[in-house]
Amino acid sequence: MTAPLDTAADRAPETPRVVLITGAARRIGRALALGFAARGWDVAVHYGASREEADEVVAQIAALGRRAVALHAELGDEAQVERLLPACTAAMGRPVCIVNNASRFEEDTARNVGYDLLLKLTAMNLGAPLVLARMLFEATPEAARIDESQRAVVINVLDQKLYNMNPDYLSYTLSKAALQTATVALAQALAPKVRVVGLAPGLTMQSADQTQDGFEAAHRITPLGRASRPEDVVAAALYLADAAGVTGTTLVVDGGQHLVPLPRDVMFLTGA
């Protein structure tokens, strides 16, 4: 007789698990924090400059009956990043999941690319996830090599444009491409104690320099007639957090946006 599968639904709700989510005070990070809490996780809410919003997310999670703590770190500063996981452990216990959601998104092209922005985005978008993955591996007990229930997972938030390349936002794109490659390399290096997976959303939320009409038009340039929504990204992250047999791969959640080749970033084609 085949043994029953251990699923998230089967796991006792009184057995809390801790997730650390970077950039969890706003936008998709906030949706992820609330989504994990609703599924029964305790959440470490990392923030950079958004302390007030982070405190609001912590309060919302507490209202759901879960524990939460707001943790500050500048992700471009390695010393500050190295303090995140110990601070999370001291407040709520060892995390078994890290969602590397936070990233810096600034515009440059091949015609004006330079060291300053490239290195700044690389430190935040690549360096911080690498350090956090290494620290999660170190914190995960050696018994996890045998006992799957003690294993941990890193979810790196990527971008559908890695599968549908255009030349805009060059430094950002290069940092995410490096993180995609790191996802595979880390999955090999940190197994079996830690799984490492990627999650690549499409256009999900309106940006500051995008009009509502432009956002809605961009959202429709997909085979499904709409790109990813926050709830799609949350559902995918929750699946990956519990998908014990999945590592070293990326789940693209974008309504098929990556299947529609575009010569420019979609924001420039819809009146941003």
Side-chain angles (χ1 to χ4, degrees), residues 17-30 32-33 36 41-58 61 67-106 108 114-142 144 152-159 171-183 185-187 189-190 193-199:
R17 293 180 295 168
V18 177
V19 58
L20 167 61
I21 303 175
T22 63
R26 302 177 63 246
R27 296 175 64 80
I28 293 177
R30 175 183 177 275
L32 286 166
F36 270 82
W41 291 72
D42 296 332
V43 185
V45 178
H46 161 265
Y47 70 95
S50 305
R51 175 58 189 264
E52 184 175 342
E53 292 94 335
D55 288 340
E56 291 173 357
V57 174
V58 168
I61 292 172
R67 297 182 301 158
V69 62
L71 300 176
H72 173 264
E74 295 297 335
L75 296 184
D77 184 325
E78 184 176 356
Q80 293 190 41
V81 173
E82 288 183 330
R83 291 196 288 267
L84 270 178
L85 195 141
C88 173
T89 301
M92 296 191 299
R94 174 178 62 87
V96 295
C97 179
I98 292 178
V99 182
N100 286 309
N101 163 74
S103 64
R104 190 71 172 260
F105 186 74
E106 293 188 29
D108 68 348
Y115 274 30
D116 286 348
L117 183 60
L118 177 62
L119 295 177
K120 180 171 68 173
L121 298 192
T122 299
M124 297 182 64
N125 299 354
L126 175 65
L130 288 173
V131 169
L132 288 171
R134 183 250 297 168
M135 297 193 72
L136 183 63
F137 175 80
E138 293 170 351
T140 301
E142 285 299 303
V153 58
V154 173
I155 301 173
N156 291 324
V157 178
L158 302 170
D159 194 308
S171 290
Y172 163 83
T173 302
L174 293 174
S175 69
K176 287 295 188 179
L179 184 58
Q180 180 186 40
T181 299
T183 297
L186 291 173
L190 305 186
K193 287 172 55 174
V194 178
R195 294 186 298 113
V196 186
V197 294
L199 171 56

Compare every heavy atom of [Y] with every heavy atom of [X], then report the nearest pair and how far apart it is.
| X | Y | answer |
| --- | --- | --- |
| A133 | L190 | O-CD1, 3.9 Å |
| A70 | D55 | CB-OD1, 3.9 Å |
| N125 | R104 | OD1-N, 2.7 Å |
| A73 | L84 | CB-CG, 3.8 Å |
| L71 | A44 | CD1-CB, 3.9 Å |
| L158 | G198 | CD1-CA, 4.1 Å |

Problem set entry | Residue pair V19, L32: steps toward the side chain to side chain contact (heavy atoms under 4.5 Å, CB included) verdict | CA-CA 10 Å; V19 58; L32 286 166; over 6 Å; no
Taking the side chain as every heavy atom from C-beta outward, state whether [X] and [Y] have any pair of such atoms under 4.5 Å apart.
| X | Y | answer |
| --- | --- | --- |
| Y172 | D159 | yes |
| V57 | V43 | no |
| L136 | L20 | no |
| M124 | E74 | no |
| S103 | V157 | no |
| V18 | R67 | yes |
| L85 | P95 | yes |
| C97 | I155 | yes |

Exercise. Considering the options L199, V153, I21, which one meets the side-chain contact (heavy atoms from CB on, under 4.5 Å) requirement together with V99?
Worked result: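 Exactly one candidate clears the test, I21.
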Distance from [X] atom [atom1] to [Y] atom [atom2], nearest 0.5 Å?
| X | Y | atom1 | atom2 | value |
| --- | --- | --- | --- | --- |
| L75 | Y47 | CG | OH | 12.5 Å |
| T183 | K176 | OG1 | NZ | 9.5 Å |
| S171 | L121 | OG | CG | 5.5 Å |
| I98 | C88 | CD1 | SG | 8.0 Å |

Would you say [X]'s side chain and [Y]'s backbone share a donor-acceptor pair under 3.5 angstrom?
| X | Y | answer |
| --- | --- | --- |
| T122 | S175 | no |
| H72 | R51 | no |
| K193 | F137 | yes |

Report the residues that fulfil salt bridge (Lys or Arg N to Asp or Glu O under 4.0 Å) with [X], sequence neighbours left out, ordered by chain and then residue number.
| X | answer |
| --- | --- |
| D108 | none |
| E52 | none |
| R26 | none |

For this session: State plainly whether the residues K120 and D116 are in salt-bridge range, i.e. N to O under 4.0 Å.
Result: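 The answer is no: the pair does not qualify as a salt bridge.
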Problem set entry | Qualifying side-chain hydrogen bond (donor to acceptor under 3.5 Å, both in side chains) pairs, either residue in residues 88-100, two or more places apart |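 Qualifying pairs: N100-N156.
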Exercise. Among pairs that include at least one residue of residues 76-86, which meet side-chain hydrogen bond (donor to acceptor under 3.5 Å, both in side chains), considering only residues two or more places apart or in two chains?
Worked result: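 Of all non-adjacent pairs touching residues 76-86, those that pass side-chain hydrogen bond (donor to acceptor under 3.5 Å, both in side chains) are D77-Q80, E82-R134.
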For this session: Report the residues that fulfil side chain to side chain donor-acceptor pair (under 3.5 Å) with Q180, sequence neighbours left out, ordered by chain and then residue number.
Result: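 Counting only residues at least two positions away or on another chain, Q180 forms a side chain to side chain donor-acceptor pair (under 3.5 Å) with Y163.
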